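Note that the structure is a prediction, hence the values are computed from the model and not measured. A note on names: the letters A, B, ... follow the listed sequences, proteins ahead of strands, and every chain is numbered from 1. Note: hydrogens, waters and symmetry copies are ignored here, and every other heavy atom, side chains too, is used.
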There are 2 protein chains.
Amino acid sequence: MANHSLDTLFAALGDPTRRAIIERLAHGPAAVKELAAPHDMALPSFLQHIKVMEAGGIIATRKEGRQRMCRMEPNALIPLQGWLEWQRLAWEAQIHQQKD
Amino acid sequence: MANHSLDTLFAALGDPTRRAIIERLAHGPAAVKELAAPHDMALPSFLQHIKVMEAGGIIATRKEGRQRMCRMEPNALIPLQGWLEWQRLAWEAQIHQQKD
DNA sequence: AGGTTAGTTAGGATCATGGCTAACCATTCA
DNA sequence: TGAATGGTTAGCCATGATCCTAACTAACCT
């Protein structure tokens, strides 16, 4: 649940590796190894991205045997959509005030 | 217009100072000085944030006399909304596939 | 002209990010 | 039991982000 900041969320999405992970997990859970496969990168480096996203509340992970399974935290991105929508509304309101 | 990357856009919004600038500009244009006022920060530091956002296509600026006026680039954030929406849809589609 | 205002340029300090290798642990399988 | 697999920890390094001060330029005001 945790109150994850927009800072953390936006920063997490600023990295293409991490967005790719989200794009993959949106289609269902996967183990670290599988997630890492397309990402020409050493496992420890990759794991850091996983940790960033877990810390940011974007994904959740748990150990199953020797694998670590990862899944989306589906509500995590809502604050971002909210903020963007808020800006859009403010902008449009401001447009409509521009009379004569 | 430019094809600004999600990388750049998300990264730009990862900083609270820059989000505050956007929040302010959503209500109408402003000069650098005015934007900087609430941000206990030296002007050169602040200017860098302005440059980051201009480079990212989020705002546009032009000199007017000795001031530099800044305004929103209203379509800049659309790719972000698009990406977020895309993820949401992928997630929901995946949910519905979970039968029996 | 001289001073004030707004911005700009240059250069430096500090810290976080994102990558690596090497070595280790825990689980599974033959 | 021993080897392979999947992950983890530790430590290193290069780069870039974010802040600063000092000094300069360009407009505007009296």
Side-chain angles (χ1 to χ4, degrees), chain A residues 4-25 28-73 76 80, chain B residues 4-25 28-73 76 80:
Chain A
H4 296 294
S5 68
L6 291 175
D7 274 30
T8 307
L9 292 170
F10 275 122
L13 299 191
D15 183 287
T17 300
R18 291 195 288 261
R19 279 201 311 281
I21 294 172
I22 293 173
E23 288 166 15
R24 166 62 188 79
L25 289 180
V32 169
K33 192 78 190 303
E34 182 192 340
L35 289 171
H39 291 285
D40 190 25
M41 184 182 295
L43 240 201
S45 313
F46 187 78
L47 251 192
Q48 267 184 273
H49 289 296
I50 297 286
K51 279 180 190 158
V52 165
M53 295 207 296
E54 189 170 19
I58 300 176
I59 69 173
T61 79
R62 67 183 257 240
K63 267 228 130 161
E64 290 184 9
R66 66 186 153 178
Q67 303 192 120
R68 179 171 293 278
M69 293 302 294
C70 306
R71 60 174 178 75
M72 276 291 283
E73 206 63 274
L80 302 189
Chain B
H4 295 294
S5 68
L6 292 174
D7 275 29
T8 307
L9 291 171
F10 275 123
L13 300 192
D15 184 287
T17 300
R18 291 195 290 261
R19 279 200 313 281
I21 294 172
I22 294 174
E23 288 165 16
R24 167 61 188 78
L25 288 180
V32 169
K33 194 77 190 305
E34 182 192 341
L35 289 171
H39 291 285
D40 191 25
M41 184 182 297
L43 240 201
S45 313
F46 187 77
L47 250 194
Q48 268 184 276
H49 289 295
I50 297 286
K51 278 180 192 159
V52 166
M53 295 206 296
E54 189 170 18
I58 299 175
I59 69 173
T61 79
R62 67 183 257 239
K63 269 231 128 158
E64 290 184 10
R66 68 187 151 176
Q67 301 192 122
R68 179 172 292 278
M69 292 303 293
C70 306
R71 61 175 176 74
M72 275 293 282
E73 206 63 272
L80 302 189

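- Rounded to whole Å, the distance from CZ on Phe46(A) to P on dG6(D) is 14 Å.
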Could you pull out the protein-nucleic contacts involving nucleotides 24-28 of chain C (nitrogen or oxygen on both sides, under 3.5 Å)?
| from | atom 1 | to | atom 2 | distance (Å) |
| --- | --- | --- | --- | --- |
| dT27(C) | O2 | Arg66(A) | NH1 | 3.1 |

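- For the OP1/OP2 pair of dA17(D) and a distance below 4.0 Å, the side-chain nitrogens and oxygens of His49(B) include no atom meeting the criterion.
- With respect to Glu64(A) and Arg66(A), no salt bridge is recorded, no charged nitrogen being found less than 4.0 Å from a carboxylate O.
- If you measure from atom CD1 of Ile50(B) to atom C1' of dC19(D), you get 16 Å, rounded to the nearest angstrom.
- The phosphate of dC20(C) (OP1 or OP2) has a side-chain N or O of Ser45(A) nearer than 4.0 angstrom.
- Contact of the Asp15(A) side chain with the Val52(A) side chain is not registered, since no non-hydrogen atoms from C-beta on lie closer than 4.5 Å.
- Using a 4.5 Å cut-off on side-chain heavy atoms (C-beta onward), Met69(A) and Gln67(A) make contact.
- In this structure, Val32(B) and Leu43(B) have side chains that are in contact, with non-hydrogen atoms separated by less than 4.5 Å.
- Of the residues in residues 32-43 of chain B, those with a non-hydrogen atom less than 4.0 angstrom from any atom of DNA chain C are Val32(B), Lys33(B), Leu43(B).
- Between Met41(A) and His49(A), the closest side-chain pair of non-hydrogen atoms falls below 4.5 Å.
- Here the straight-line distance linking atom OG1 of Thr17(B) with atom NE2 of His39(B) works out to 6.0 Å at 0.5 Å rounding.
- Contact annotation: the side chain of Ile22(B) approaches that of Met72(B) to within less than 4.5 Å [non-hydrogen atoms, C-beta and beyond].
- Here the side chains of Asp7(B) and Arg19(A) are in contact, with some heavy-atom distance below 4.5 Å.
- Residue Leu47(B) contributes atom CG, which lies 10 Å from atom C1' of dA6(C) at whole-angstrom precision.
- Among the heavy atoms of the strands lying under 4.0 Å from Gln67(B) are primed sugar atoms or P, OP1, OP2 only; no base atom is included.
- Summarising the geometry, the separation between CD on Gln48(B) and P on dA10(C) is reported as 13 Å, rounded to the nearest angstrom.
- For the pair Leu80(B)/Leu13(B), a side-chain contact is recorded, criterion being any heavy-atom separation below 4.5 Å from C-beta on.
- Protein atom CE of Met53(A) is 14 Å distant from nucleotide atom C1' of dG18(C), rounded to whole Å.
- Taking CG of Leu25(B) as the reference point, atom CG of Leu35(B) lies at 5.0 Å (rounded to 0.5 Å).
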N/O-N/O pairs, protein side and nucleotides 13-17 of chain C side, under 3.5 Å:
none

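- Checking the phosphate oxygens (OP1, OP2) of dT8(D), a side-chain nitrogen or oxygen of Arg68(A) falls inside 4.0 Å.
- Lys51(B) has its NZ atom 14 Å from the C1' atom of dC19(D), to the nearest Å.
- Side-chain proximity of Pro44(B) to the nucleotides dG7(C), dG7(D), dC20(D) is greatest for dC20(D).
- Residues Ile50(B) and Ile21(B) have side chains in contact (heavy-atom distance under 4.5 Å, counting atoms from C-beta outward).
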